[in-house]
Student: 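Here it is, the structure, as structure tokens.
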Amino acid sequence: MRVLENTLETIAESIRVGKVHPTAVLNTLIEAENAGGLGAVRQIERQLSLSARSLEARSHPNSGLAQAWLNATRAYLITQAELKRVA
């Protein structure tokens with residue numbers, strides 16, 4: 001899935017650089033959902049979960065940013081689920 005690849009590349013680049021703007025995080029997740037639905041966002045969450053643990057285990061200097069991406073992705077999924085439940 002091309003959207004998943006592009007999104008994961010965007011996330012990986014921000015982790016390599018060590019910074020990302022909160023708006024970029026939200027826009028990335030919205031773009032992923034628009035292109036591949038919430039299933040794509042769930043796949044991103046699974047990949048981030050694995051990556052964040054791996055980076056933390058290796059004491060990577062930007063492992064905190066990977067965890068922030070994971071937390072934001074989970075919050076996005078919860079918010080979208082709540083919006084669908086209410087609607």
Side-chain angles (χ1 to χ4, degrees):
M1 179 185 264
R2 187 84 180 127
V3 113
L4 182 60
E5 292 170 14
N6 289 342
T7 301
L8 292 175
E9 188 171 311
T10 297
I11 293 168
E13 180 61 24
S14 76
I15 293 169
R16 274 191 293 276
V17 171
K19 63 181 179 179
V20 66
H21 193 278
T23 303
V25 173
L26 182 57
N27 288 342
T28 299
L29 296 172
I30 290 170
E31 288 171 9
E33 182 186 9
N34 287 343
L38 284 178
V41 181
R42 282 194 224 41
Q43 287 180 307
I44 292 164
E45 187 270 338
R46 281 191 291 277
Q47 184 64 43
L48 279 167
S49 180
L50 296 171
S51 298
R53 276 185 273 177
S54 176
L55 291 171
E56 181 67 30
R58 293 186 320 218
S59 298
H60 189 281
N62 297 331
S63 62
L65 185 56
Q67 187 63 48
W69 269 103
L70 176 59
N71 293 343
T73 303
R74 288 178 173 164
Y76 184 87
L77 286 168
I78 290 168
T79 301
Q80 293 307 97
E82 284 296 313
L83 288 173
K84 289 186 188 317
R85 188 184 66 79
V86 173

Student: If you measure from CD1 on Ile15 to CG on Leu55, what distance do you get to the nearest 0.5 Å?
Tutor: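 Result: 6.0 Å between the selected atoms.
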Student: Among residues at least two apart in sequence or on other chains, which ones pass side chain to side chain donor-acceptor pair (under 3.5 Å) with Thr23?
Tutor: His21
Student: Name all pairs fulfilling the salt bridge (charged side-chain N to carboxylate O under 4.0 Å, His left out) condition that reach into residues 65-76, sequence neighbours left out, sorted by first residue then second.
Tutor: Glu45-Arg74
Student: List the residues meeting side-chain contact (heavy atoms from CB on, under 4.5 Å) with Glu9, not counting sequence neighbours, and say none if there are none.
Tutor: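 Partners of Glu9 by the side-chain contact (heavy atoms from CB on, under 4.5 Å) criterion come out as none, since no residue qualifies.
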Student: If you measure from CD1 on Ile11 to CD1 on Ile44, what distance do you get to the nearest 0.5 Å?
Tutor: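 Ile11 atom CD1 to Ile44 atom CD1 measures 5.5 Å (nearest 0.5 Å).
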Student: How far apart are the closest heavy atoms of Leu70 and Ala52, and which atoms are they?
Tutor: CD2-CB, 4.3 Å
Student: Check the pair Leu4, Gln47 against side-chain contact (heavy atoms from CB on, under 4.5 Å), reporting the backbone distance first and the verdict last.
Tutor: CA-CA 10 Å; Leu4 182 60; Gln47 184 64 43; over 6 Å; no
Student: Suppose we screen for salt bridge (charged side-chain N to carboxylate O under 4.0 Å, His left out). Which residues come up paired with Arg85, at least two apart in sequence or across chains?
Tutor: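 With sequence neighbours excluded, Arg85 shows a salt bridge (charged side-chain N to carboxylate O under 4.0 Å, His left out) to Glu82, given in chain and number order.
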Student: For Leu29, which of Thr73, Asn34, Thr79 qualifies under side chain to side chain contact (heavy atoms under 4.5 Å, CB included)?
Tutor: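 Single pass found, and it is Thr73.
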Student: Output all residues satisfying side chain to side chain donor-acceptor pair (under 3.5 Å) with Thr10, sequence neighbours left out; order by chain, then residue number.
Tutor: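 Residues passing side chain to side chain donor-acceptor pair (under 3.5 Å) with Thr10: none at all.
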Student: Return the set of residues passing side chain to side chain donor-acceptor pair (under 3.5 Å) with Glu33 (not counting sequence neighbours), or none when no residue passes.
Tutor: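 If we apply the side chain to side chain donor-acceptor pair (under 3.5 Å) test to Glu33, skipping adjacent residues, the hits are Tyr76, Gln80.
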Student: Restricting to side chain to side chain donor-acceptor pair (under 3.5 Å), what partner residues turn up for Asn71, sequence neighbours left out?
Tutor: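 Here the qualifying residues are Gln67.
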Student: Could you note down all residue pairs passing salt bridge (charged side-chain N to carboxylate O under 4.0 Å, His left out) where residues 16-27 supplies at least one of them, sequence neighbours left out?
Tutor: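 Only Glu13-Arg16 qualify under salt bridge (charged side-chain N to carboxylate O under 4.0 Å, His left out).
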Student: Report the distance from atom OG of Ser51 to atom CH2 of Trp69, rounding to the nearest 0.5 Å.
Tutor: 12.5 Å
Student: Can you name the salt bridge (charged side-chain N to carboxylate O under 4.0 Å, His left out) partners of Arg53, sequence neighbours left out?
Tutor: none
Student: Where do Val25 and Ala72 come nearest, in terms of heavy atoms and distance?
Tutor: CG1-CB, 3.7 Å
Student: Quick one: list whatever passes side-chain contact (heavy atoms from CB on, under 4.5 Å) with Glu56, sequence neighbours left out.
Tutor: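 Per chain and number, Glu56 pairs via side-chain contact (heavy atoms from CB on, under 4.5 Å) with Ser63.
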Student: Looking at every non-hydrogen atom in both residues, tell me the closest pair between Leu65 and Gly18 and how far apart they are.
Tutor: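 Leu65 and Gly18 have their closest heavy atoms at CD2-C, 3.5 Å.
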